[in-house]
Q: 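Take a look at this one; I'll ask things after.
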Amino acid sequence: MEIKQQITALRTQLREHNHNYYVLDNATISDYDFDMKLKELQDLEAKYPEFHDPTSPTLRVGGMVTKNFETVVHGQRMYSLDNSYSKEDLEDWEKRIQKGLGDIEVEFTCELKYDGASISLTYEEGKLIKAVTRGDGFQGDNVTTNIKTIKSVPLQLKGDYPPKFDIRGEIVLPFEGFAKMNAERLANGEDPYMNPRNTASGSLKLQDSAAVAKRPLDCLLYGIVGQKTGITSQWQMLDKARDWGFKVPAVARLCKTTDEVMAFIEYWDVHRHDLPYETDGVVIKVSSLQQQDELGHTSKSPRWAMAYKFKAEQVSTVLNEISYQVGRTGAITPVANLEAVLLAGTTVKRASLHNADQIAKFDIREGDTVFVEKGGEIIPKIIGVDFSKRPQNSEPTRYIDHCPECHTELVRTEGDAKHYCANYYGCPVQITGRIQHYISRKAMDIEGMGSETISLLFQEGLITNYADLYTLTKEQVMPLERMAEKSAENLVNGVAASVNIPFERVMFALGIRFVGETVAKKLAKAYKNIDALMIATEEELTAVDEIGERIAQSVVEFFENETNQETIARLKSYGVQFELSAEKLQNQTEKLKGQTFVVSGVFEKVSRDELKKLIEDNGGKVGSSVSAKTTYLVAGAKMGPSKRTKAETLGVQIISEDDFLGLV
Ligand code: AMP
Ligand code: ZN
């Protein structure tokens, strides 16, 4: 009995400290003391497993690994928001609302639009039961084990919470934590992450929750859905959520007029850069829930809410130099090296220039003062030149005509905006780029090896193509810089394990120009093994669904090349998969050949993804929107009404889940 009390007391204290620190930003205990208490609790829990509690603060450190995230249907759909960009847009919206509601008083709750990954949390009896990503709005992925590691997500609520409800919010990665993560990556020789938003949403799908626990993610909440919550307005909702222990930013404001709304927007357009996390606008919501109910939804978004998007920020700075990068396919990308300038809260030194045409279009020259804009990505773009500041002796940019890495003359094929270094087998950056692509996560997913290692192995003359990876020995690898025995072993084992990667991924890993993940799958499915594919002609290839001339030509060229043929023969001899697995072959038919399906709504027996897979495995095609080419619309529950109308107008047959399963 005494032990149980001790455990409960520790849990309560640690919860309170977590809340103070992560939600209220107001710590009342030193990190050291916190860690000591946590350790004490961990020890007790280990010793007395009978007192296990899934909401214990000790579970925050993660450790559970999720291989496949289960698909979960949202109790209530997660909608998108309509966007507006001006005061006029907002006034129009307000007029529509007033018209919809009759001339009664309307109050608006203004909140910031947090830029991260949407999440829906389910609580029962005050305990976090489930966390699901937005997915397509109807159903998402169950990422509960990962979400539990985010310290500002309460595992156990306090106060007068309702017995069961969902709460929606955004998982964000604050700038400071993001910068720290990138500094660490760079120090480890890894590529930095692009931006906080993508990194936040990528984090949710990491398999190892301990890795998620290490990321300084935050969860900001904005909406409760559920029956009998006793809540009558959006404004009250925010307050209640705070009371129960959720992190709800305090900047929200209740406004009575469009002028007040505009004042809120103008203020935050400037001051958002002082916030610790990224925001891309303001969300304005009709506050009364009853009025929200009356206004309802369109097929895509609530009529009672509107996002106001901030304009991308712009600055001008001097372009010091244009440099050129060579990619793994030999494509040349020009890069603008800028005089460092502060833009949207970060220091910008480089901007991408895309290609020669873009430089010519804006007549961008070294020494120019250029306008730089930042959209969603970390790499900003140049949107123009300040010609008034052009130096007198300025000369037009002469695009390079030789590869900066291997000095081979560049080529440009018609219809392609990029220049290429055609020295496919000799250009060092292309060689290492291809091997780096081969080992990457979506390709052969070889663990224990990074881009840096590949460069080192190449410099040491140990590898010149990806087949060489398979003959590397521990003894060869160990002398490399920063390589310990254990990591050398991991590397060799990682390579050996890659022989189990299925054929379609091997197809992608080969790095054939224009053959991305989807095309690789298509080719693998159509030809079933590499021998058949290697002798396919351009004509045969273009007959395959979605394979165009450009791809066909590139595939034929790749396999005609003797070096490639040799490499493939070698990979084969090492056991790399060059045919579809028996299991995949077995489940494939041509039953739906020539038919195009559009899938909409929620299904009972199979998930949407499974349904799509069934269509493809049986030779059918999955379309994204209903058109005259659609053969069937497979309708699930809660299908969007616009799809139905469109199908009916075009005479497209609408079938149920059972009808479909009957077909296959
Ligand atoms: P969009 O994806 O542009 O249609 O915008 C909708 C998304 O904005 C939702 O899925 C939310 O995750 C996100 N969002 C961020 N902040 C808020 C907020 N304060 N209120 C509602 N949605 C928000
Ligand atoms: Zn080159």
Side-chain angles (χ1 to χ4, degrees), residues 115 173-187 189-199 268-280 309-327 331-405 410 417-419 429 451:
D115 204 8
L173 184 54
F175 290 119
E176 201 186 319
F178 178 69
K180 223 185 253 165
M181 276 173 71
N182 268 346
E184 269 170 37
R185 285 183 73 82
L186 288 169
E190 295 165 310
D191 292 335
Y193 290 118
M194 285 292 272
N195 60 38
R197 183 194 347 108
N198 292 359
T199 315
W268 283 108
D269 197 0
V270 177
H271 289 88
R272 66 189 159 122
H273 304 303
D274 308 334
L275 292 166
Y277 42 77
E278 217 165 5
T279 52
D280 60 346
K309 289 290 194 88
F310 292 133
K311 278 194 201 60
E313 247 206 293
Q314 222 177 291
V315 285
S316 70
T317 188
V318 175
L319 166 60
N320 289 326
E321 195 200 357
I322 298 177
S323 59
Y324 299 85
Q325 286 178 346
V326 189
I332 307 289
T333 306
V335 178
N337 297 281
L338 306 168
E339 197 59 47
V341 61
L342 202 63
L343 174 60
T346 49
T347 307
V348 170
K349 293 190 198 127
R350 286 148 65 87
S352 71
L353 286 166
H354 303 292
N355 54 48
D357 290 348
Q358 209 210 8
I359 294 175
K361 177 173 125 195
F362 292 121
D363 185 17
I364 298 169
R365 306 174 182 192
E366 291 183 344
D368 269 345
T369 296
V370 292
F371 296 111
V372 184
E373 187 182 284
K374 191 153 156 184
E377 305 300 301
I378 269 284
I379 303 266
K381 59 180 184 220
I382 292 186
I383 49 160
V385 174
D386 185 347
F387 291 101
S388 70
K389 300 217 172 109
R390 174 163 283 173
Q392 293 239 299
N393 58 353
S394 149
E395 299 242 356
T397 297
R398 272 198 50 206
Y399 206 77
I400 49 165
D401 42 24
H402 287 80
C403 173
E405 300 286 340
L410 299 181
K418 294 225 166 209
H419 285 69
V429 190
S451 297

Q: Which atoms form the tightest heavy-atom contact between Gln358 and Ser352, and what is the distance?
A: OE1-O, 4.5 Å

Q: Under 6.0 Å from the CD atom of Glu176, do we count more than 12 heavy atoms belonging to anything else shown?
A: no

Q: Would you say the side-chain atoms of Asp368 pair up with the backbone N or O of Val370, donor to acceptor, closer than 3.5 Å?
A: no

Q: Distance check, rounded to the nearest 0.5 Å: Glu366 atom CD versus Asn320 atom CG?
A: 8.5 Å

Q: With a 3.5 Å distance limit and no angle check, can you tell me whether Thr317 reaches the backbone of Glu339 through a side-chain donor-acceptor pair?
A: yes

Q: What is the ring orientation for Tyr324 with Tyr399, classed by angle as parallel under 30°, tilted 30 to 60°, or perpendicular over 60°?
A: perpendicular

Q: Taking all heavy atoms of Val385 and all of Phe362, pick out the closest pair and write down the distance.
A: CG2-O, 3.6 Å

Q: Decide yes or no on side chain to side chain contact (heavy atoms under 4.5 Å, CB included) for Val341 and Val372, but give the supporting numbers first.
A: CA-CA 10 Å; Val341 61; Val372 184; 5.6 Å; no

Q: With a 4.0 Å cut-off on N to O distance, would you call Arg272 and Asp115 a salt bridge?
A: no

Q: Calculate, to the nearest 0.5 Å, the distance between atoms NE2 and CD1 belonging to His354 and Ile382 respectively.
A: 9.5 Å

Q: Heavy-atom distance under 4.5 Å between the side chains of Lys418 and Thr333, does that happen here?
A: yes

Q: Can you give me the closest heavy-atom contact between Gln314 and Leu343, atom names plus distance?
A: N-CD1, 4.0 Å

Q: How close do Lys389 and Thr369 get, heavy atom to heavy atom, and via which atoms?
A: CB-OG1, 3.7 Å

Q: Please name the pair of heavy atoms, one in Val318 and one in Gly367, separated by the smallest distance, quoted to 0.1 Å.
A: CG1-O, 4.1 Å

Q: Measuring from Arg398:CZ to Ile359:CD1, what's the distance to the nearest 0.5 Å?
A: 13.0 Å

Q: For Asn337 and Glu321, indicate whether the former's side chain and the latter's backbone hold a donor-acceptor pair under 3.5 Å.
A: yes

Q: Which heavy atom of Leu173 sits nearest a heavy atom of Met181, and at what distance?
A: CD2-SD, 4.0 Å

Q: Dump the intermediate steps for side chain to side chain contact (heavy atoms under 4.5 Å, CB included) on Val315 and Leu342, then the final yes or no.
A: CA-CA 8 Å; Val315 285; Leu342 202 63; over 6 Å; no

Q: Within this structure, what is the CZ-CD1 distance for the pair Arg365 and Ile322, rounded to the nearest 0.5 Å?
A: 10.5 Å

Q: When you look at Thr199 and Phe178, which way does the side chain to side chain contact (heavy atoms under 4.5 Å, CB included) test go after all the steps?
A: CA-CA 8 Å; Thr199 315; Phe178 178 69; 3.4 Å; yes

Q: To the nearest 0.5 Å, how far apart are CG in Asp269 and NZ in Lys311?
A: 7.5 Å

Q: Let me confirm one number: the CG-NZ distance from Leu353 to Lys361, rounded to the nearest 0.5 Å.
A: 12.0 Å

